[in-house]
There are 4 protein chains.
Amino acid sequence: MINYTDKQFQILKTAEELFALKGFDGTSVRDIADEAGVNVSMISYYFRSKEKLMEALFEYRMGHIIMRVETLLKDNLMGPLQKVNVLIDDHIERVMDRQKFYRILFCEQILNKNPMIIEIVNNYKKRNIAIITELIKDGQKKEVFKKKVDVVMMLNTMIGTVAQTMVSLDYYKDAHNLQDMPDAEFATLVKRKLSIHIKTLFKAILTYEA
Amino acid sequence: MINYTDKQFQILKTAEELFALKGFDGTSVRDIADEAGVNVSMISYYFRSKEKLMEALFEYRMGHIIMRVETLLKDNLMGPLQKVNVLIDDHIERVMDRQKFYRILFCEQILNKNPMIIEIVNNYKKRNIAIITELIKDGQKKEVFKKKVDVVMMLNTMIGTVAQTMVSLDYYKDAHNLQDMPDAEFATLVKRKLSIHIKTLFKAILTYEA
Amino acid sequence: MINYTDKQFQILKTAEELFALKGFDGTSVRDIADEAGVNVSMISYYFRSKEKLMEALFEYRMGHIIMRVETLLKDNLMGPLQKVNVLIDDHIERVMDRQKFYRILFCEQILNKNPMIIEIVNNYKKRNIAIITELIKDGQKKEVFKKKVDVVMMLNTMIGTVAQTMVSLDYYKDAHNLQDMPDAEFATLVKRKLSIHIKTLFKAILTYEA
Amino acid sequence: MINYTDKQFQILKTAEELFALKGFDGTSVRDIADEAGVNVSMISYYFRSKEKLMEALFEYRMGHIIMRVETLLKDNLMGPLQKVNVLIDDHIERVMDRQKFYRILFCEQILNKNPMIIEIVNNYKKRNIAIITELIKDGQKKEVFKKKVDVVMMLNTMIGTVAQTMVSLDYYKDAHNLQDMPDAEFATLVKRKLSIHIKTLFKAILTYEA
DNA sequence: CATGAATGAGTCTTCATTCAT
DNA sequence: AATGAATGAAGACTCATTCAT
């Protein structure tokens with residue numbers, strides 16, 4: 001994990017903002033430099049190229065994410081379902097709190113142009129699947145979970161539902177006339193809705209007999 | 001619905017291909033022209049601008065989509081759950097068969113730069129919600145569905161799960177060592193998996209008492 | 001003098017309008033075609049090229065002008081000063097009534113890119129000088145005009161004053177709060193002002209002893 | 001008043017040259033760049049756009065002009081007519097010495113497309129009228145000038161005569177077989193002719209009783 | 001005779017990057 | 001270490017004209 005100076009971090013943050021807003025190709029290094037209040041040449045100087053800047057952003061954000069997940073499941077006091085629920089909340093929390101970055105992530109995943117980023121994303125996915133698989137096997141052994149569970153689909157539902165909810169936030173706000181609700185309150189509302197919804201889904205897949 | 005000449009359609013198709021692959025801003029009109037085997041100026045000539053080309057693509061694809069949905073639910077022989085299942089299969093079918101277009105759609109939805117496209121998408125979403133809401137009310141009246149159903153979340157799950165599955169296809173293929181499976185067969189496999197998965201989820205939300 | 005069909009004349013008229021408004025290079029053949037309600041290819045078809053269209057316009061307008069001047073001075077009942085005054089009024093009338101064309105003419109004269117047009121203009125100027133010189137010599141013989149008269153400067157004053165007045169019309173209207181005066185009335189007003197002004201100037205140069 | 005670097009000034013000068021020769025729309029930024037010996041992108045880099053380059057040129061030249069006029073009339077030793085004469089000579093000098101710029105100015109005035117330039121020109125005109133009006137009122141108070149004077153027409157005559165003379169220089173040279181006269185000498189000749197001519201005109205309008 | 005489709009050269013501008021300092 | 005100037009390549013788009021029908 002590289003330690004960035006204030007200026008470097010400022011660039012990174014601005015890049016995240018603009019990439020999320022206008023896409024990688026829709027954002028010029030000049031845009032970033034202007035918005036960040038630094039000279040254009042600084043970007044090449046610090047990050048080598050626009051592409052490497054993007055990769056630096058991914059490394060920075062993904063690094064932080066992975067570290068958080070690690071410790072979460074070592075707890076021995078929680079049951080399997082409880083752990084799954086924690087995982088769900090953790091994911092919701094993470095995505096909703098880092099919406100800008102996740103917008104970039106989803107876009108990049110769709111286009112999958114940059115192989116370096118694809119690899120980062122795939123590694124992350126692999127880890128997640130491994131962890132969840134482990135968890136579920138444990139739950140099956142303890143006979144809390146049913147035998148046939150499609151982990152990949154389950155994850156796709158979690159990730160996809162949260163993503164789709166995130167990109168529809170504006171629409172949701174408009175549709176429910178919540179324009180005046182404070183952002184923080186609205187975020188909490190959505191998170192709670194998501195949490196209940198996905199937990200219900202997962203419980204259905206994992207525990208009920210079809 | 002405009003009738004396109006062969007050449008115009010060729011451009012439209014190529015644009016879809018490249019936009020899906022490299023994004024709107026990552027694709028130059030020259031790329032499209034070269035790939036489509038036409039002169040660069042033809043694009044401006046036929047579609048006025050790169051942006052209008054994109055919009056033309058959206059109008060073309062969305063027009064076709066909307067027409068299909070319309071007739072689907074007028075059938076009176078099917079029960080509410082059956083209709084929901086038909087809707088799910090229709091959505092899966094549509095997205096998986098038009099992956100390129102849906103990649104563009106998801107990207108645009110994330111970035112939401114072009115207001116004209118946002119409107120098209122929102123209208124589509126509004127229609128879908130209206131249709132499903134109608135369907136569910138009918139099911140509730142007939143006492144097949146439970147009382148409290150969050151339609152928006154349900155749709156987000158359907159759309160999100162399919163989307164997430166689509167963008168993970170490569171990963172999925174690799175993870176399951178299915179590189180040698182013929183594309184058509186693989187597509188059928190994924191569609192079936194998705195169908196079962198989402199139907200299970202929906203049945204749980206709609207019918208089981210929590 | 002070529003006889004133009006309705007369509008050809010329509011093009012010619014539209015070209016005059018647009019050349020006067022946006023200059024030759026600022027006007028595209030497509031602009032002209034659209035405004036004239038004809039197909040783009042018609043312009044090349046009828047006039048060979050954009051440049052030839054301009055030349056056709058000049059031939060058409062200049063031809064008409066020359067014809068009018070010709071007969072004006074054969075009258076034997078008018079004295080020399082009276083004839084000069086008629087010439088002044090004729091010039092004012094012509095320029096003010098064909099402002100669009102004269103805008104093009106002045107611009108082309110300033111830039112003098114097209115040699116063919118320069119020649120047309122120079123021929124016209126030569127004729128004017130010849131006629132006036134003749135007139136003045138006659139006046140000098142009759143001892144109505146003083147001996148030393150700079151014909152070229154005199155003409156420059158007439159042409160220049162009218163031109164400068166024409167291009168300043170908008171400013172003039174604004175400066176004198178005449179925005180509400182009907183166009184025809186305003187035109188008459190300006191013409192009268194110009195007429196008196198230039199006649200006064202010419203009388204001073206031609207008759208008074210300095 | 002911006003201070004331009006050598007390179008920027010070189011571009012400005014070349015632009016003036018080419019705009020005067022081929023008009024604004026007839027001159028491409030590539031023309032300017034090539035002629036000025038700089039990279040094409042430098043023009044956008046320094047001046048933002050071709051249009052802004054034109055405006056920069058106008059600001060530069062008009063700024064210099066206005067500064068000169070300012071001090072001219074504060075002199076208390078000259079009489080009103082003398083001051084008018086100084087003004088005439090100043091105008092002649094200015095236009096003849098900056099022919100290129102004034103060609104552009106006249107063209108722009110004719111087409112009046114760029115509102116920013118129109119404003120600059122109108123302001124200049126307003127100032128001139130104000131100054132001259134002041135001068136003439138003074139002359140009337142001192143009973144050197146007659147009561148009724150049309151200041152606007154007077155200015156139109158001065159400006160128009162000089163302009164018309166300038167654009168006819170080539171013709172004039174040819175007509176009088178002065179092709180061999182050195183440029184400087186020819187310029188002096190024309191300036192003197194113009195000076196005498198316009199002073200005569202103005203004296204007639206201002207002092208003689210009609 | 002008249003025209004809609006088509007084109008390649010050209011338009012201005014912006015791009016990410018490099019260079020000299 | 002940091003930066004303002006500079007650049008060539010590429011961006012989308014418009015141009016006047018031609019050609020097949």
Side-chain angles (χ1 to χ4, degrees), chain A residues 5 7-8 11 15 24-34 37-54, chain B residues 5-8 11 15 24-34 36-54, chain C residues 5 7-8 11 15 24-34 37-54, chain D residues 5-8 11 15 24-34 36-54:
Chain A
T5 68
K7 224 177 211 177
Q8 288 172 315
I11 292 172
F24 178 76
D25 290 307
T27 305
S28 76
V29 289
R30 202 158 236 108
D31 287 345
I32 301 171
D34 286 354
V38 303
N39 189 283
V40 213
S41 51
M42 296 274 59
I43 287 165
S44 297
Y45 181 63
Y46 282 136
F47 297 93
R48 305 278 306 273
S49 75
K50 189 184 169 188
E51 204 138 56
K52 298 264 183 234
L53 167 62
M54 175 76 131
Chain B
T5 67
D6 282 4
K7 225 175 206 177
Q8 287 171 313
I11 291 172
F24 180 76
D25 289 310
T27 305
S28 77
V29 289
R30 190 156 258 110
D31 287 345
I32 300 170
D34 287 354
V38 303
N39 189 286
V40 209
S41 52
M42 292 274 62
I43 287 165
S44 300
Y45 180 65
Y46 282 137
F47 298 93
R48 308 279 304 270
S49 74
K50 189 185 168 187
E51 202 139 55
K52 299 257 185 239
L53 168 61
M54 175 76 131
Chain C
T5 67
K7 223 177 212 176
Q8 288 171 314
I11 292 172
F24 179 76
D25 290 307
T27 305
S28 77
V29 289
R30 201 159 237 109
D31 287 345
I32 300 171
D34 287 354
V38 303
N39 190 284
V40 213
S41 53
M42 295 275 57
I43 287 165
S44 298
Y45 182 62
Y46 282 136
F47 297 94
R48 306 280 303 276
S49 75
K50 189 185 170 188
E51 204 137 56
K52 298 262 184 236
L53 168 61
M54 175 75 130
Chain D
T5 67
D6 282 4
K7 226 175 204 176
Q8 286 172 313
I11 292 172
F24 180 76
D25 289 310
T27 305
S28 78
V29 289
R30 191 157 259 108
D31 287 345
I32 300 171
D34 286 354
V38 303
N39 190 286
V40 210
S41 52
M42 292 273 63
I43 287 165
S44 299
Y45 180 64
Y46 282 138
F47 298 94
R48 307 279 302 270
S49 74
K50 189 185 169 187
E51 202 139 55
K52 298 258 185 238
L53 168 61
M54 175 76 130

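In what follows, chains are A, B, ... by sequence order, proteins preceding strands, each numbered from 1.
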Between CZ of Phe47(D) and P of dA5(F) the distance, given in whole Å, is 13 Å

Check your understanding: Looking across every strand, which nucleic acid part, if any, lies under 4.0 Å from Ser44(D) by heavy atom: base, sugar-phosphate, or nothing?
Key -> base

pair_partner(dT14(F)), Watson-Crick or wobble, both distances < 3.5 Å, evaluates to dA9(E)

- Could you check whether Lys7(C) gets within reach of a base, just the sugar-phosphate, or nothing at all, counting any heavy atom under 4.0 Å? sugar-phosphate

Judged by nearest nucleotide, the residue sitting upstream toward the 5' end of DNA chain F, Val29(C) or Val29(B), is Val29(B)

Sorted by position of nearest nucleotide on DNA chain E, 5' first, the leading residue of Asp25(D) and Arg30(C) is Arg30(C)

Scanning all shown strands, the Watson-Crick or wobble mate of dA1(F) with both distances under 3.5 Å is none

Among dT13(E), dA16(E), dT3(F), the one nearest any side-chain atom of Tyr45(A) is dT3(F)

- Message: Quiz question: going by heavy-atom distance under 3.5 Å, is there a donor-acceptor pair between the base of dG4(F) and the side chain of Ser41(A)?
- Response: yes

Note: Asp25(B) and Gly26(A) closest approach over all heavy atoms is OD2-CA, 3.4 Å

All heavy atoms of Lys50(A) vs all of Thr27(A), minimum pair found to be NZ-O, 2.7 Å

Side chains of Leu53(C) and Val29(C): does their closest heavy-atom pair fall under 4.5 Å? no

query = Checking all strands, does Tyr46(A) fall into the base, sugar-phosphate, or nothing category for heavy-atom contacts under 4.0 angstrom?
reply = sugar-phosphate

Testing dA5(E), dG8(E), dT11(E) for proximity to the side chain of Ser28(D), the answer is dT11(E)

What one should report as the nearest heavy-atom pair of Ile43(B) and Ala33(B) is CD1-N, 3.9 Å

Heavy-atom nearest nucleotide on DNA chain E taken for Asn39(C) and for Thr27(D); more 5' hit belongs to Asn39(C)

For dT7(F), the nucleotide meeting Watson-Crick or G-U wobble distances (both under 3.5 Å) is dA16(E)

Side chain to side chain, Phe47(A) and Gln8(A), heavy atoms closer than 4.5 Å = yes

- Message: So Thr5(B), base contact, sugar-phosphate only, or nothing? Heavy-atom distance under 4.0 Å.
- Response: nothing

